[in-house]
Amino acid sequence: MPQAVPDETADVLIAGAGFAGLCAAIKLQGSGNTSFILLEKSNDIGGTWRDNVYPGCACDIPSHLYSFSFEPNASWSRMYPTQPELLQYLRGVAAKYRLHPHTRFGAEIQQAVWEQGQQRWRVETADGRRFFGRVLLSAMGPLHIPAIPDLPGRDGFRGPAFHSARWDHAVDLAGKNVAVIGTGASAVQFIPHVAKQAAKLTVFQRTPPWIMPKRDFAFSDLQKDGFRNHWRRRLFRTRLFWLHDIRALAFLGNRKAIAAAEAMARTHLERQIADPALRQKLAPDYRLGCKRVLISNDFYPALAENNTELVSTPIASIAPNAVVAQNGAITPADILIYGTGFRTTDSFSALRIIGRNGHTLEQSFAHGMHAYRGVAVPDFPNFFFLLGPNTGLGHNSVVLMIEAQMNYLLSLFRQMARKNLATAEVKPEIEAAWNTSLQTRIEKAVWNTGGCRSWYLDVNGRNTTIWPGLVAEYQLKMRRANLADYITRP
Ligand code: NAP
């Protein structure tokens, strides 16, 4: 008979071992708490940067900003880090802080239940393991469940078909007819690589993205030597921080700044695409910033290649060996690649998290996600989000948000320890007031008013994903927790 795996107990359970989970673990360690377990559904750390291995995958935030403030890396090879380099960075960080002994791989959370009597969380994983912890941190982020549109005939497609976050490197694209659906942040990165290999590439675009030039370059040895100097590196990061952070002011309602950026993006399009018909198809008809602004120097040129075609007619269905457009046009396809993004606004409610009195997160989020400061939800004692509702960014590095959230939680945990308190649960009226003010502010911002549909908005048109402010403002707000905002128990 197989041996039952014994239950494990720790003070803090952390769900996910990507940027957020690793940050949580390191900051807990730094505060003197070494009783934590990282639960990772996959067999490696890295989160997004482990899952997304499509050709050309890179981050559109500079490397010196898209990294932990407490773990700088003078050796970044270039301005914008590629996926392999980011994964290597995260692996190095996990090794340095000896996080592997704390990590349980293949631990896909099936449900998490708050046991009121014991004042602890019970987490059950798909392979039958059980973990107990006083605190449960969700470090999963909103972009990990691939969204594959339910197009008629989809499952009858005969050739290989895969999503950008599940790239099948065993599939040889050389000499094939490849169809790509989507022109979002991931697609604009892999399309130039697919265009180089495929005999024919057809890109199905629903909404043209706004694209700015990518000012990417490799750092010289001299520059890297410079970054070994603490102050020079800090100055560089601070400069990058503010250059990115002030963009929020444009997104929050500065129409002149948005118009100036739109002019830059239009010039970029005109310089790279000579064909007026193709240019027209690629010209967005909504305000810049409404969807994530993309940066690329090779996406437009790839579409201008002879073996590439951009189809902007909506897709009607998928045939066994073709994509059928709504005007009846049939595009033969040997391989189908979905660059169609992620299930975002329901990604958290898909989790079976059961709080006080059997209340589920799905019930709490029935009318849209919400959380106090993006971290705490009423009825869920000692459960906290990292990168939770309304803490995503369209303009700066989310690593900054994760660090701010951990600083806040450590402040809360410190105060609880001092007063010998076991549980904290945000007061409903405090959370409601926070969200009312946040939603009032976000309603005027370009994500809501820019005339587009994006994953920032949920099915009710509510923006439950973006932080409507400067990161600097969020950092200030998150410096210290106010224990009075919470219902606490000894
Ligand atoms: P995405 O930005 O949501 O793009 C999905 C694309 O698929 C869009 O062009 C969308 O069209 C299209 N699409 C979806 N359903 C469709 C359908 N039924 N028919 C036709 N087209 C359809 O997804 P993503 O590119 O994977 O990026 C998701 C997020 O990941 C980004 O917003 C960003 O936050 C993050 N990301 C970041 C980086 C980075 O460099 N930091 C890189 C990649 C991804 P519509 O626009 O019309 O909806």
Side-chain angles (χ1 to χ4, degrees), residues 18-19 47-49 51-63 65-67 78-83 85-86 141-154 162-167 179-191 202-212 214 216 244 281-282 284-286 289-296 299 303 310-318 323-326 331 336-345 347 387 391-401 447 450-457 465-467:
F19 253 108
T48 291
W49 303 105
D51 282 353
N52 287 276
V53 292
Y54 58 78
C57 183
C59 183
D60 56 13
I61 298 291
S63 42
L65 192 56
Y66 195 82
S67 38
R78 51 192 318 110
M79 187 66 168
Y80 291 98
T82 60
Q83 174 270 334
E85 196 171 10
L86 276 166
L143 299 169
H144 65 115
I145 308 174
I148 301 190
D150 193 11
L151 295 162
R154 182 190 70 183
F162 52 85
H163 184 273
S164 57
R166 300 285 181 271
W167 197 273
V180 167
I181 304 180
T183 51
S186 304
V188 301
Q189 292 184 338
F190 69 71
I191 281 171
T202 310
V203 176
F204 289 85
Q205 171 189 269
R206 191 164 65 180
T207 315
W210 280 102
I211 301 184
M212 300 287 259
K214 183 172 184 178
D216 192 18
H244 283 77
K281 276 192 203 169
L282 287 165
D285 63 354
Y286 57 91
C290 185
K291 283 170 179 287
R292 191 178 180 92
V293 181
L294 309 183
I295 52 172
S296 172
F299 174 66
L303 294 182
L310 180 74
V311 176
S312 55
T313 313
I315 298 169
S317 64
I318 307 288
V323 178
V324 184
Q326 279 182 10
T331 301
L336 193 51
I337 306 176
Y338 293 95
T340 43
F342 299 88
R343 277 173 49 192
T344 48
T345 50
S347 69
L387 287 189
T391 61
L393 297 178
H395 74 284
N396 205 340
S397 167
V398 286
V399 181
L400 303 162
M401 302 295 276
W447 311 292
C452 77
R453 242 228 73 97
S454 77
W455 65 261
Y456 297 155
L457 308 180
T465 54
I466 290 278
W467 164 246

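Numbers here are sequence positions counted from 1. Scope of the values below: all heavy atoms of this structure, side chains included, with no hydrogens, waters or symmetry mates. For ligands, and for the atoms within them, numbers begin at 1 and follow the listed sequence. Here the structure is a predicted model, which means the values were calculated and not measured.
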Are the side chains of Pro62 and Met79 in contact, using a 4.5 Å heavy-atom criterion? yes
The atoms of ligand 1 lying under 4.0 Å from a heavy atom of Leu143, numbered in the order shown, are 29 (C), 30 (O), 34 (O), 35 (C)
Strictly under 6.0 Å, is that where the ring centroids of His163 and Tyr54 end up? no
Side chains of Val398 and Phe19, heavy atoms from C-beta outward: is any pair under 4.5 Å? no
Check whether any heavy atom of Ala58 sits under 4.0 Å from an atom of ligand 1. yes
What are the atoms of ligand 1, with element, lying closer than 4.0 Å to any heavy atom of Gly182? 6 (C), 7 (O), 9 (O), 12 (C)
For ligand 1, is any non-hydrogen atom under 4.0 Å from Gln189's backbone (N, CA, C, O), its side chain (CB onward), both, or neither? side chain
Considering only the protein, which heavy-atom contact is closest to atom 9 (O) of ligand 1, and what is its distance? Thr183 N, 2.9 Å
Residue set satisfying side-chain hydrogen bond (donor to acceptor under 3.5 Å, both in side chains) with His244, at least two apart, ordered chain then number -> none
As a quick check of understanding, evaluate side-chain contact (heavy atoms from CB on, under 4.5 Å) for Leu143 and Trp455, giving each step before the final call. CA-CA 10 Å; Leu143 299 169; Trp455 65 261; 4.1 Å; yes
With respect to atom 34 (O) of ligand 1, which of Arg292, Gln83, Arg453 exhibits the smallest heavy-atom separation? Arg292
Do Ser296 and Lys214 pass the side-chain contact (heavy atoms from CB on, under 4.5 Å) test, and can you show the C-alpha distance, the side-chain angles, and the key distance before you say yes or no? CA-CA 5 Å; Ser296 172; Lys214 183 172 184 178; 5.5 Å; no
Show the atoms of ligand 1 that are less than 4.0 angstrom away from any heavy atom in Tyr54. 42 (C), 43 (C)
Shortest protein heavy-atom distance from atom 20 (C) of ligand 1, along with the residue and atom involved: Ile181 CG2, 3.6 Å
Show me which atoms of ligand 1 lie under 4.0 Å from any heavy atom of Lys291. 45 (P), 46 (O), 48 (O)
From the options Ile211, Thr183, Leu310, select the one residue that forms a side-chain contact (heavy atoms from CB on, under 4.5 Å) with Leu282. Leu310
If you have a sec, work out which protein heavy atom is nearest atom 4 (O) of ligand 1 and how many Å separate them, to one decimal? Gly184 CA, 3.5 Å
May I have the step-by-step check of side-chain contact (heavy atoms from CB on, under 4.5 Å) for Trp210 and Tyr286, ending in yes or no? CA-CA 9 Å; Trp210 280 102; Tyr286 57 91; 3.5 Å; yes
Shortest heavy-atom approach to atom 45 (P) of ligand 1 - which of Leu393, Thr340, Thr207: Thr207
Counting from 1, what ligand 1 atoms have a heavy atom of Phe342 closer than 4.0 Å? 26 (O), 28 (C)
Quick note on ligand 1: atoms under 4.0 Å from a heavy atom of Asp60 include exactly 39 (C), 40 (O), 41 (N)
Shortest non-hydrogen contact from Thr313 to Gln326? CG2-N, 4.0 Å
What distance do Ile181 atom CD1 and Thr340 atom OG1 have between them, rounded to the nearest 0.5 Å? 7.0 Å
Ranking Gly341, Gly339, Cys452 by closest non-hydrogen atom to atom 7 (O) of ligand 1, top hit is Gly339
Any nitrogen or oxygen of Ile61, main chain or side chain, under 3.5 Å from a nitrogen or oxygen of ligand 1? no
Rounded to the nearest 0.5 Å, what's the gap from CG on Leu387 to OG1 on Thr465? Could you check? 11.5 Å
For atom 15 (N) of ligand 1, what is the nearest protein heavy atom, given as residue, atom name and distance? Arg206 NH2, 3.5 Å
Do Trp49 and Cys57 come within less than 4.5 Å of each other through their side chains, counting heavy atoms only? yes
Protein heavy-atom partner closest to atom 32 (O) of ligand 1 - residue, atom, separation in Å: Trp455 NE1, 2.9 Å
In the protein, what heavy atom is nearest to atom 44 (C) of ligand 1, and what distance, to one decimal place, separates them? Ala185 CB, 3.5 Å
Where the closest heavy atom to atom 26 (O) of ligand 1 is concerned, which of Pro149, Ser186, Gly56, Cys57 has it? Ser186
